[in-house]
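Take a look at the structure set out below.
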Amino acid sequence: MDWTEDLNAAQLEAVEATEGPVLVLAGPGSGKTRVLTCRVAFLVGERGVAPWHILAVTFTNKAAREMRGRLELLLGEQLQRLTLGTFHATCARILRGEAEHTPFSRDYVIYDSSDQLAAVAQAVAELNLDEKRYQPQALRAVISRAKNELIGPDEYRPQTYWEEVASRVYARYQDILRVNDALDFDDLLMATVQLFRHNEGMLARYQQRYQYILVDEWQDTNVAQYELVKLLGARHRNVFVVGDPDQSIYRFRGADYRNVHRFEDDYPEARVILLERNYRSTQTVLDVANAIISPSPNRHPKVLYTQEEAGAPIVVQELYDEDEEASFVVEEIAQLVARGYNPGECAVMYRTNAQSRALEDAFIRRGLPYHLVGATRFYARREIKDLLAYLRIIHNPYDGLSLERVMNVPPRGIGPRTRHELDEWRLAEGLATYDAVQLLRENDFEAPLSGRSRKVLADLGALWGELVNARSMLPLPRLLDLVMERTDYEAHIRDGTEEGEERWANVMELRAVAHAHGDLPPEEGLSSFLEKVALVSDVDDLQEQADVPTLLTLHMAKGLEFQAVFMVGMEEGLLPHSRSLEDPEQLEEERRLCYVGITRAKERLYLLYTFRRAFFGDSGSDVRLPSRFLSEIPPELIEGREKELAHAPADREARRYRLQTQWAQEAEEPVMAQFSVGDRVRHPAFGSGIVMDSRVSSGDEEVVVAFEEVGIKRLLVSLAKLEFRH
DNA sequence: GTGGCCCCTGTTTTT
DNA sequence: CAGGGGCCAC
């Protein structure tokens, strides 16, 4: 096997420079994933390095999975002894393996951000603080920032009175996690660093093991991650990092692109390799990208270029509002598809998840499928969190937060009063909830509880005890079924509403995920499943080959590429986001976010903005200004009549007037409803159905049809080819 | 005491 | 529009 095949000189250099520290500055589309993969293959296949000695860190689980797949293809063997994963997954595994050296058990639970919030709220309540003044959200952010900078509760030095309170909340929060045998995302990193700092022998063992370290997306590492790499690589110094400061977009999460320069300080002997040649986009797209990023101050100048053709000009277009913007996107995709584009090669990107709604509506109205990444994340859905909480309290009965969540779900008569009684008693006795409710099952056991409370709690104890007993007997899917059966969860969730059906479908999907998790022995299956679902991100679930357009945030788009990219909401206040306007550093990050979006496009790029946009519901509709970034694009790269408009602010008033009146006229045009309730109709794709509702709005007729085959759909008569069935 | 209903508020980005 | 908190009827 020839590893050097198809690599350019710079890529080859990066692959073969195996000894000593290497910093690769890789522009978008410059083949860095290939370089990483080839380098591992080269180490194993050419240099004879055992996979056991390699640690490769990627940004998402999906990237790790893909890399492993490619390596197995290249090397033709299983690479089970290779450590390959995200920082968080890698740390989670180390901590589990070294649990006896930590304050946690092997079965510790991983808290996600909503769990964190609940724990912060609990800390605030326990300290009798006012939630208005000390908002759990803000406190969580402060705690998270501290942890990302490796500042524990004892080292935290408050500068203000508010921070003084925050430090107390931090300490209390950390105690709560300890009692619940839980770690949050940030703890996974911080605890691992602390583990190594306090156990020299163990650190030496890991240093000896990880002789070659590779890290992707280096510009998005935080202090904790930087420190971890520094510790592990200190002995062999074969640290290979790939990054692009221009694509640093996770500052809010503690990431610091200055880690790129810091690397050069810490490893003065480092070789620096620049990858500028782009293999993804047309020169036009790259010119736009260069124009957007070059005003950014303090950057290492780096100019993207390609040897491919210039390509089509980009489209910059103003639409009336978010609905029209969405319809434009859908229509344009339909036309691209008609011209031979694969729908799966089109993506719509936006700054905030809330923007997906108008887009979804447009796709639904047009009767076209789409794939939404994120939004209400699958694992953040209530029904999913409920069932996972049951699995967690089975796995680890001391996870109090998960218990809190499902103690009364489905409702079983355990309200605040009963809880209070229980807590008064069990805390006085020093009992964990699990042990307390087990005691209540014994008839002759004396406890200061009202009869009613005692009964419902004993019932809970019986249920919980049964489930915990089943833990070691039943494989994961059957355990999940038992939870649903014993809690009568289906009846709880499936309330006859459409939403209930949707939730039930999610439950079925979770069940499928559990089934697909593998035939591990009962307890191991449960444990690895819980770890996996705690650490997956939504991009991870993205099935690329799915033949439909993808809707996703700009953040989630990092690392992906599409033939055609639509960036919607290119407006002041959205991109750059209003929350970033005061801080120049944050504003620069918005610029980079814009750059990331643009450089996802291979051939076609659409930058869209609206004249007005509704925010929550209808309550706030706001006149918009085009994004400042648009004015930095050289006009010759832009197609069509909008190119002058985007550059002539004086013209904007006239254009507004035109758009507004045009819209108003269209809206006033009387449209007669063609269909009425009860009509039998046929749709080319959905088959036959019956009209359930019809109304005229926005100059079109909107009908709701119950189809025999595919259920209820909402359609626009002007778009859907509906005909009467006789 | 509990559970359902209504009103209020408030939108960045996520491992 | 949606999640959370407060209020009122069982």
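Each chain gets a letter, A, B and so on, in the order its sequence line appears, and its residues count up from 1. Bear in mind the structure is a predicted one, so any value in this text is a computation, not a measurement.
Taking atom CZ on A/Arg140 and atom C1' on B/dT13, their separation rounds to 12 Å, with Å as the unit. Spacing between atom OH of A/Tyr595 and atom P of B/dT13 amounts to 24 Å, rounded to whole angstrom units. Regarding A/Asp115, its CG atom lies at a distance of 17 Å from the P atom of B/dT14, rounded to whole Å. Between A/Lys558 atom NZ and B/dT13 atom P the separation is 16 Å, expressed in whole Å.
Put simply, A/Asn408 has a side-chain N or O that comes within less than 4.0 Å of OP1 or OP2 on B/dG3. Between A/Asn148 and the phosphate of B/dT15, there is no side-chain N or O to OP1/OP2 separation shorter than 4.0 Å.
No side-chain donor from either of A/Thr553 and A/Arg351 sits under 3.5 Å from a side-chain acceptor of the other.
The aromatic rings of A/Phe529 and A/His517 sit perpendicular to each other, their planes meeting at more than 60°, with 30° as the lower class boundary.
Note on A/Glu590 versus A/Arg628: no salt bridge recorded, every NZ/NE/NH1/NH2 to OD/OE distance being 4.0 Å or above.
Considering only the side chain of A/Phe185, B/dT15 comes nearest among B/dT12, B/dT15, B/dT2. Which of B/dT15, B/dT12, B/dT13 sits closest to the side chain of A/His577 comes down to B/dT12. Nearest nucleotide to the side chain of A/Ala354, out of B/dT11, B/dG1, B/dT15: B/dT11. Proximity note for A/Met556 (side chain, C-beta onward) versus B/dT12, B/dT14, B/dG1: the nearest is B/dT14. Comparing B/dT2, B/dT15, B/dG3 by their nearest atom to the side chain of A/Arg452 picks out B/dT2.
A stacking contact between A/Phe59 and B/dT15 is absent: the pair does not combine a ring-centre distance of less than 5.5 Å to the base's six-membered ring with planes differing by less than 30°. Ring-to-base geometry does not place A/His88 in a stacked arrangement with B/dT15 (centre distance under 5.5 Å, plane angle under 30° required).
For the C1' atoms, the distance from C/dG4 to B/dT13 is 23 Å, rounded to whole Å.
Scanning atom types as modelled, one donor and one acceptor separated by under 3.5 angstrom connect the side chain of A/Arg351 and the base of B/dT13.
Between A/Asp115 and A/Arg392, the closest side-chain pair of non-hydrogen atoms falls below 4.5 Å.
By the 6.0 Å and 45° rule, A/Arg253 stacks over the aromatic ring of A/Tyr250. Both tests hold for A/Arg96 against A/Tyr108: distance to the six-membered ring centre under 6.0 Å, angle to the ring axis within 45°. Taking the ring centre of A/Phe263 as origin, the terminal cationic atom of A/Arg258 falls outside the region bounded by 6.0 Å and 45° from the ring axis.
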Set out, line by line, the N/O atom pairs under 3.5 Å between protein and nucleotides 5-10 of chain C.
none

